[in-house]
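Reviewing the structure listed below.
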Amino acid sequence: MGNTVPPAPGHVFTISEWINHHEATHHPGDPVMGHTEKLANGRATCIEVVEEWHKWLFRIPAAIHPNLVLPSSPYKTESRGIQNPVDVKGNKVYMTTFVPLRKKEDNIITVQLYDDTQYLLLGIMTAEACTEEYPKVKSVEKLWQMVKTETDSVKDINFTIDDTPRMGCYVERKQKLEISNVANENLMGIKPENMGPNNTIGIVYTGFWALLDLARLGSGDHLISLESTGRTYFIGATIALNILM
């Protein structure tokens with residue numbers, strides 16, 4: 001059985017709890033979905049959402065990438081052909097990512113979501129690798145070890161919504177996910193000549209994400225805070241969220 005009441009302010013969930021956050025481990029009404037919990041359409045969980053997040057991530061040009069520069073018009077990159085929210089098997093999911101190596105007080109994002117969106121995905125601490133990025137690393141096993149070493153180094157994650165501690169879940173992919181139409185000038189600096197036809201790469205990944213159900217969260221203003229430190233970088237962000245539903 002899962003918890004029936006939310007944790008007290010100041011509580012910090014362990015990494016083990018994040019990794020084992022399955023459907024029955026959160027209390028009723030928790031806006032953060034469990035790892036095996038199905039989205040409204042019924043054909044997807046956070047696993048499929050994270051796959052689409054990676055495709056979204058690599059197709060955004062570096063000049064406007066929210067991993068590199070704070071977005072002046074948050075994540076609204078439709079003019080560059082990058083849709084947000086993203087359709088994930090019939091579910092509308094708004095994707096986010098944050099500039100690393102900044103304090104949460106300096107990494108402040110304002111996001112407005114409308115009734116064309118059902119879910120919000122937050123990348124808490126993630127790692128990806130591919131041979132196209134590291135040409136000397138040909139083995140999938142070695143790529144996997146690179147990303148696993150990074151996320152294994154995460155000791156704690158502080159994540160709150162409206163001052164209530166929450167936890168997301170852990171997602172990993174040991175076999176390559178093919179992503180086409182990667183931006184020529186992309187987030188990871190992968191050279192076009194190293195990519196396959198149609199600017200294709202194949203990544204393995206692992207990490208921690210939080211998938212929020214906006215209906216559970218409810219209309220109005222919400223404040224999200226997150227902090228996480230890994231072996232080579234950290235993430236800190238504050239999201240001022242306004243749900244107009």
Side-chain angles (χ1 to χ4, degrees), residues 1-50 52-53 56 74-75 84-98 104 107-126 156-171 207-228 235-245:
M1 294 294 292
N3 295 327
T4 58
V5 296
H11 179 83
V12 177
F13 289 102
T14 67
I15 296 301
S16 177
E17 287 176 304
W18 277 72
I19 291 173
N20 293 290
H21 183 196
H22 299 298
E23 183 174 354
T25 62
H26 58 68
H27 68 86
D30 188 339
V32 185
M33 300 183 68
H35 184 58
T36 59
E37 187 174 359
K38 291 185 178 180
L39 279 66
N41 188 285
R43 295 188 296 157
T45 66
C46 69
I47 295 172
E48 288 78 19
V49 175
V50 167
E52 294 302 318
W53 180 84
W56 172 82
Y75 307 100
N84 205 10
V86 174
D87 187 291
V88 183
K89 296 184 180 295
N91 301 281
K92 296 296 185 180
V93 185
Y94 197 82
M95 307 294 187
T96 63
T97 187
F98 312 104
K104 65 178 181 179
N107 215 13
I108 300 174
I109 311 295
T110 300
V111 176
Q112 284 189 325
L113 299 181
Y114 299 85
D115 56 7
D116 64 344
T117 302
Q118 299 164 277
Y119 303 95
L120 171 68
L121 183 70
L122 307 170
I124 307 292
M125 177 63 78
T126 71
D156 58 74
I157 299 173
N158 290 276
F159 172 46
T160 65
I161 302 175
D162 298 335
D163 204 33
T164 298
R166 302 294 187 185
M167 66 174 167
C169 61
Y170 173 80
V171 182
F208 302 92
W209 286 265
L211 179 61
L212 278 58
D213 184 325
L214 299 185
R216 292 182 196 164
L217 195 53
S219 300
D221 294 324
H222 301 277
L223 187 65
I224 300 173
S225 173
L226 59 91
E227 289 183 295
S228 179
I235 294 290
T238 301
I239 304 100
L241 178 63
N242 182 218
I243 301 177
L244 303 170
M245 297 174 62

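Along the sequence shown, residues carry numbers from 1.
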Practice problem: Verify side chain to side chain contact (heavy atoms under 4.5 Å, CB included) between I47 and T45, making sure each step is shown before the conclusion. | Solution: CA-CA 5 Å; I47 295 172; T45 66; 3.6 Å; yes
Practice problem: Taking side-chain hydrogen bond (donor to acceptor under 3.5 Å, both in side chains) as the test, write out the residues that go with S225, two or more places apart. | Solution: K104
Practice problem: Check G29 against R216 and note the closest heavy-atom contact, atom names and distance. | Solution: O-CB, 4.1 Å
Quiz prompt | Under 3.5 Å: donor-acceptor pair, side chain of D30, backbone of V32 | solution = yes
Exercise. Using the test ring-ring contact (aromatic ring centres under 6.0 Å, His included), find all partners of H35 that sit at least two apart in sequence or belong to another chain.
Key: H22
Exercise. Report yes if the side chains of L244 and Q112 come closer than 4.5 Å at any heavy-atom pair, otherwise no.
Key: yes
Quiz item: CD1/I224 to CG/D162 distance, rounded to the nearest 0.5 angstrom?
Solution: 7.5 Å
Quiz item: Nearest heavy-atom pair of M95 and V88: which atoms, and what distance?
Solution: CE-CG2, 4.2 Å
Quiz item: How far apart are the C-alpha atoms of L223 and D163, what are their side-chain angles, what is the distance that settles it, and do they pass the side chain to side chain contact (heavy atoms under 4.5 Å, CB included) test?
Solution: CA-CA 8 Å; L223 187 65; D163 204 33; over 6 Å; no
Quiz item: Hey, mind stepping through L113 and L214 against side chain to side chain contact (heavy atoms under 4.5 Å, CB included) and telling me if it holds?
Solution: CA-CA 9 Å; L113 299 181; L214 299 185; 3.5 Å; yes
Quiz item: Is M33 close to L39 at the side-chain level, that is, under 4.5 Å between some pair of heavy atoms?
Solution: yes
Self-check item: Non-hydrogen atoms of L226 and F159 that approach each other most closely
Solution: CB-CD1, 4.1 Å
Quiz item: Looking only at heavy atoms, what is the nearest atom pair of C169 and C46, with distance?
Solution: SG-SG, 3.3 Å
Quiz item: When rounded to the nearest 0.5 angstrom, what is the spacing between CD1 in I239 and NE2 in H222?
Solution: 13.0 Å
Quiz item: Are V93 and W53 side-chain neighbours, meaning at least one heavy-atom pair lies under 4.5 Å?
Solution: no
Quiz item: Has the side chain of S228 got a donor or acceptor atom that lies under 3.5 Å from a matching backbone atom of I235?
Solution: no
Practice problem: For H21 and G168, indicate whether the former's side chain and the latter's backbone hold a donor-acceptor pair under 3.5 Å. | Solution: yes
Donor-acceptor pairs are to be reported for all side-chain atoms of residues 115-126 against protein atoms at under 3.5 Å, with residues two or more places apart or in another chain.
residue: Q118; atom: OE1; partner: K92; partner atom: N; Å: 2.8
residue: Y119; atom: OH; partner: A40; partner atom: N; Å: 2.7
residue: T126; atom: OG1; partner: E128; partner atom: OE2; Å: 2.9

Practice problem: Considering non-hydrogen atoms only, spot the tightest contact between L217 and L212 and give its length. | Solution: CD2-CD2, 4.1 Å
Quiz item: Are any non-hydrogen side-chain atoms of P6 and H11 less than 4.5 angstrom apart?
Solution: no
Exercise. Test side chain to side chain contact (heavy atoms under 4.5 Å, CB included) on F208 and I15 and set out the steps.
Key: CA-CA 9 Å; F208 302 92; I15 296 301; 3.8 Å; yes
Quiz item: Roughly how far, to the nearest 0.5 Å, is OH of Y94 from CH2 of W56?
Solution: 8.0 Å
Self-check item: Backbone of N41 reached by a side-chain donor or acceptor of N91 within 3.5 Å
Solution: yes
Self-check item: For A8 against P165, the heavy-atom pair lying closest together
Solution: O-CG, 3.2 Å
